[in-house]
Amino acid sequence: MSTVARKKSVIWDYLTTVDHKKIAILYLIAGGFFFLVGGLEALFIRIQLAKPNNDFLVGGLYNQVLTMHGTTMIFLAAMPLIFAMMNAVVPIQIGARDVAFPFLNALGFWLFFFGGVFLNCSWFLGGAPDAGWTSYASLSLESPGHGIDFYVLGLQISGFGTLMGGINFLVTIINMRAPGMTYMRMPMFTWASFVTSALILFAFPPLTVGLVFMMMDRLFGGNFFHPAQGGNTIIWEHLFWIFGHPEVYILVLPAFGIFSEIFATFSKKRLFGYSSMVFATVLIGFLGFMVWAHHMFTTGMGPIANAIFAVATMAIAVPTGIKIFNWLFTMWGGNIRFTTPMLYAVAFIPSFVMGGVTGVMNAAAAADYQYHDSYFVVAHFHYVIVGGVVFALLAGVHYWWPKMFGKMLNEALGKTTFWLFLIGFHLTFFIQHFLGLMGMPRRVFTYLPGQGFETGNLISTVGAFFMAAATIILLVNVIITTAKGKKAEADAWGVGRTLEWAVASPPPEYNFAQTPLVRGLDALWIEKMEGKKGLTPAEPLGDIHMPNSSILPFVISLGLFIAAFGFMYHNQHSWGLFVGIGGLLITLGSMFLRSVIDDHGFHIHKEEIMEAEKGVKA
Amino acid sequence: MANHTNTGNPNVDLAYRRKKNAEEMKHQVISFVLMIALTLVAFFAVGYDEFSHWFSVPFILLLAAVQVAFQLYYFMHMSHKGHEVPALFIYGGVLVAFLTIWAFMTVVWW
């Protein structure tokens, strides 16, 4: 194969890759790393709160750890892990050879990566951001040191990457579908990725604007949020939540997509109510933009605004309910196999419904005045984000691991991870509902004895260690599997329904030797039911055009990383401005190079493909 | 997916394509002239003292909206076939932005 001729070291290969499957692995590694960092921060929080008057993390340091836990988990763990799944699966599910813009895909990853690294550099350079993951302007403008600057610039850089990723997947799903893959034949995960990408397209610009305002205020003498200068801190809250609420759906819709695939696959049935699932996904996406102010019921918007946003919020329960019933009906009468991914999927339904119910409770504006800023809210959003998104990511990792890496994860260890995680999760967060109702405020680093919070907090901390143990077992599983895992078939679970199970595990560089002809929903299942071994090709075997790999995405992102340091210090050090401009020159220079250098890619020739495919079949 | 084949292939229906292009050019020129005219009208509306601000501000906003439509449909070819999805996303974005601003103007800040 021609890759042999262009042999490179593994590290250089991954630094320069534009292949969606390798970018998926990069997202998985980087997102997984930040997941561990964020998890460690969560453990520190729980250790501090394990007993009253504890002094493990006091005051400011606790605020930093708390802020970084939220920020890391949302922006640097959940988002990239979602992108890992999307990159690994979506192009193959629609019968494409890659995403629409492979270079942009790599650029999106490196921007996210450098943004995340920049944010975490704060730990070593005078303290992390400490105004909560929402970074409300009234707190963040007063925050001393550079913590908030790290937050603003780091999220801005990684936000660019996310926006690029979203646009890339929109274009890919609209334009790159194989012949016959109509919109209403797309697998549910692809549909969810599509709606999520649209949400990214519309939701990230408000965040970008908010971060620019904040950057101006903190670094360049702006007054957007300074009340004393005629600014308004509430503007930040609105901008943040106009982004922030859709962000929740950006995370959870792909989770719904992953579970839809898993329910159908392991119930050995077509997804129940496919068209209503599509409808519900689009509707959730749309309604997600109409409810941002429910995070701000207590800012004093008045009863009319509160009532309208309360009703709009409750309306989201309807499409979500449609989905829940469709999953239940998918399982009903199915030939169910309780593999690890299926266990997560089944456990997800009650866990997520609990989070949804407390969501409706929070949506009742009058009642929210009681819940607001208490542990009840903490319990609620951890039930939806961990019970929905993290369960889905763990399920997705187990489900698609054989496709991504060519080896089956160990099922016994996988199930151990599942049970430990499930028990730990409910142990940690269920009790927090009651702590909140008893009056324990969130974001406060300690509590006094004798208020009735001791037992609940201790239980919660024990639960966190269960989840940590589950994560360690997952890592052990990954290492064992990589060392001596069972080789995976193309159709790794034996009951695959969608196109990704028709190509080898891991798939060849070009995914499909011949673009497949899609003849219905669950394209592979249709072919299998007609007794065929492979897919019906839609084109004769021919040369395949591939993009060249490039180091430029890495360099462009590195330039912004350097520029961010420069601009952050430009008020104290004279070198700041030079470094800032120098970094921008690196970025713009490499963008210029990208524009002027003609890069026509290369071809994998027909003979090479035939030889490679023979090797797979044999 | 759909019409990726043969677009931009100069050998297909040369005469037809020529005629089509000429027609296209005519549209571009007409809309270009119209846009310049609209811009002049806008300048005039602002400069003319007899018009109150209550007339000229909504009036030039209306002209702006017409110009955006010209831009999108004639200069950026949205009137052509195969632009349904971009149109959907543009109008979707406009709808979401409109609803957000509307909410601010009616219930959040009054």
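Labels below follow one simple rule: chain letters A, B, ... track the order of the sequence lines, proteins then strands, and each chain is numbered from 1. Predicted, not measured: the structure shown is a model, and the values here were computed from it.
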**Request:** With the side chain counted from C-beta on, respond yes when B:Val108 and A:His238 share a heavy-atom pair under 4.5 Å apart, and no when they do not.
**Result:** yes
**Message:** Is it the case that the ring center of B:Trp102 lies less than 6.0 angstrom away from the ring center of A:Phe289?
**Reply:** no
**Exceeds 12 heavy-atom contacts within 6.0 angstrom, atom CZ of B:Phe43** = no
**Request:** Kindly check if the number of other-residue, nucleotide or ligand heavy atoms within 6.0 Å of CZ (A:Phe512) is above 12?
**Result:** yes
**Request:** Kindly give the heavy-atom pair with the smallest separation between A:Phe202 and B:Gly92, and that separation in Å.
**Result:** CZ-C, 4.3 Å
**Asked** Quick one: what part of A:Met296 sits under 4.5 Å from any heavy atom of chain B, side chain, backbone, both or neither?
**Response** neither
**Request:** Drop me the distance from B:Thr106's OG1 to A:Ile308's CD1, to the nearest 0.5 angstrom.
**Result:** 6.5 Å
**Separation of B:Phe89 CZ from A:Ile167 CD1 (nearest 0.5 Å)** = 10.5 Å
**Prompt:** So with a 6.0 Å cut-off around CE of A:Met184, is the heavy-atom count from everything else above 12?
**Reply:** yes
**Prompt:** Given side chains that start at C-beta, do those of A:Phe286 and B:Leu99 come closer than 4.5 Å, heavy atoms only?
**Reply:** yes
**Item:** B:Phe32, CZ atom: more than 12 neighbouring heavy atoms under 6.0 Å
**Value:** no
**Prompt:** Around atom NE2 of B:His53, are there more than 12 heavy atoms of other residues, nucleotides or ligands at under 6.0 Å?
**Reply:** no
**Prompt:** With only heavy atoms counted, which part of A:Ala307 is less than 4.5 Å from chain B, the side chain, the backbone, both or neither?
**Reply:** neither
**Asked** For atom CZ of B:Phe55, is the number of surrounding heavy atoms from other residues, nucleotides or ligands below 6.0 Å larger than 12?
**Response** yes
**Request:** Can you tell which part of A:Leu201 gets under 4.5 Å to a heavy atom of chain B, answering side chain, backbone, both or neither?
**Result:** side chain
